[in-house]
Amino acid sequence: MTETQKKAFIKTYGCQMNVYDSERMGDVLAGMGYGVTDTPDEADLVILNTCHIREKAAEKVYSELGRFREQKRQRADDGRELVIGVAGCVAQAEGEEIVRRSPAVDLVFGPQTYHRLPQLLSRFAEERQPLVETDFPAEDKFDHMPKLPRPEAPRAVTAFLTVQEGCDKFCTFCVVPYTRGAEVSRPVRKIIEDAQRLVDRGVREITLLGQNINAYHGEAADGRRWSLGRLLDELALIEGLDRLRYTTSHPRDMDDELISAHRDNPKLMPYLHLPVQSGSDTVLKAMNRRHTAAAYIGVIEKIRAARPDIALSSDFIVGFPGETDADFEATMSLVKSVGYASAFSFKYSPRPGTPAAEMENQVPEAVKSERLSRLQELLNSQSRAFLQSCLGREMDILIEKPGRKAGQLAGRSPYLQAVHVEDQHHGIGDMVRVCIDSVGANSLSAHTVGADADSLPRAMTTA
Ligand code: 5AD
Ligand code: SF4
């Protein structure tokens, strides 16, 4: 690294796919000689990788841009340049509007165009004019990016890997089909190659990402289109890869092959995020979810039959237009009948350009708040109960980092809970067998059992 190396600071908002995209932008920029920094003050390029899913998330970007605008001004006084880019779903949805609202912004580019960062930056260097790139290009961005991961990227035990992107479902509340575009599955071979490269670098657990991942139907070498269940089985053959996860799924696409994988694929972890949004059939219909509450529960029953210990998670929206007290009670009943290990719940937020934003029967804010707090109370009690149910149980923990205290390691359970392990003999990247001793607010504490005999020591040297 030289003194004069340019530095980029990338700030990520929103979902795991944005986290993955930010890492990939880091790879593209590294290929151009940039160093990636965690310190905005030393950056020559700042990229905000934004989220448009709810109004709050989108508005955060503008307040952040206000701060960077000030920094840019101070820099200019010192004769140094700060280039500001807005990427991600706000960039895609608002395009030119961002430059109008925030004149300090130099580059606006959507989620499908970040492989073009080198061209964008060099065009900007020549033209010195704000550039907005929000087309959906015909080429596959993954073919135009450096092979992952970049050699100087920090080593990690877990990694995300995008296998599917975009959505064709058009739920009436959701901006994703507009910001991420139509559903596209990456070919099987490219996914396997990426996964193998990650494993070669020490990754032990891969979470496959897609907005609608269980609709995956990627092209395979046999000329067929493979389902997600088949893809997971193929990935499980990679030696040294211990754990597989995937997110996010739609209830209509939980096919039998995927459900069987939860029974038969030992590397597929017993955790499933399956958003239902509401327990009321009237609301589900207005949301264009295209399934009923009973159909969702039917899917849950099938999954539980295949994998009885599976930890379930979901997303909920309260106060969707027209939601009555009875509709909301139907959501509460569904939650009670399923029993979730974890969940995310939100107040409905009208998004420009989506059908639900135009619906007349919007629910007052106070009603949304009251419903949200009741729902969250119920969901929190369920997640506490799930943590409690782990007490005294033995399970395998993948160690991801040192613990907070000396003599402690931190990892995750098969059910995705954070676990603090008392252990002096293992290291990062090891899979250790533990017994759960105590339960915290959001985590578990454990000690190793069977010491080295039961574990797979594979301590990694950190780069
Ligand atoms: N308002 C509130 N929540 C929303 N979500 C998506 N769109 C909206 C919206 N307009 C939630 C859904 C989805 C999660 C990622 O965000 O629950 O599953
Ligand atoms: Fe949005 Fe998910 Fe519905 Fe697609 S399936 S429109 S990503 S909520």
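In this text the structure is predicted, and so the values were computed from the model without any measurement. Order of listing sets the numbers, starting from 1, for every ligand and every atom in it. Numbers here simply count residues along the sequence, with the first being 1.
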Hey, is the main chain of [Y] close enough, under 3.5 Å, to the side chain of [X] for a donor-acceptor pair?
X	Y	value
Ser313	His273	no
Glu64	Lys11	no
Lys141	His115	no

Non-hydrogen side-chain atoms of [X] and [Y] separated by less than 4.5 Å:
X	Y	result
Leu258	Leu232	yes
Ser345	Leu379	yes
Arg225	Glu219	yes

On the six-membered ring of Phe109, is Arg116 placed so that its NZ or CZ lies under 6.0 angstrom from the centre and within 45° of the ring axis?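 No, a cation-pi geometry is absent between Arg116 and Phe109.
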
When you measure from the centre of the six-membered ring of Tyr114, is the NZ or CZ of Arg24 under 6.0 Å away and within 45° of the axis?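 Output no; distance or angle outside limits.
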
Expected contact list for ligand 1 at under 4.0 angstrom, heavy-atom basis, is Ile53, Arg54, Phe173, Gln277, Asp315, Ile317, Phe346, Lys347, Tyr348, Ser349, Arg351

Is there any ring pair (Phe, Tyr, Trp, His ring centres under 6.0 Å) pair reaching into residues 189-216, and which pairs are they, with sequence neighbours excluded? none

Atom indices of ligand 2 within 4.0 angstrom of His250 heavy atoms, with elements: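 Close to His250: 5 (S).
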
For atom 1 (Fe) of ligand 2, which protein N/O/S atoms fall under 2.8 Å? Skip waters. Cys174 SG

Hey, could you give me each pair passing side chain to side chain donor-acceptor pair (under 3.5 Å) that has a residue in residues 287-300? Not counting sequence neighbours.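 Output for this query lists Tyr296-Tyr340.
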
Below 4.0 Å from any atom of ligand 2, is there a heavy atom belonging to Arg289?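 It does, in that a heavy atom of Arg289 comes within the 4.0 Å cut-off of ligand 2.
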
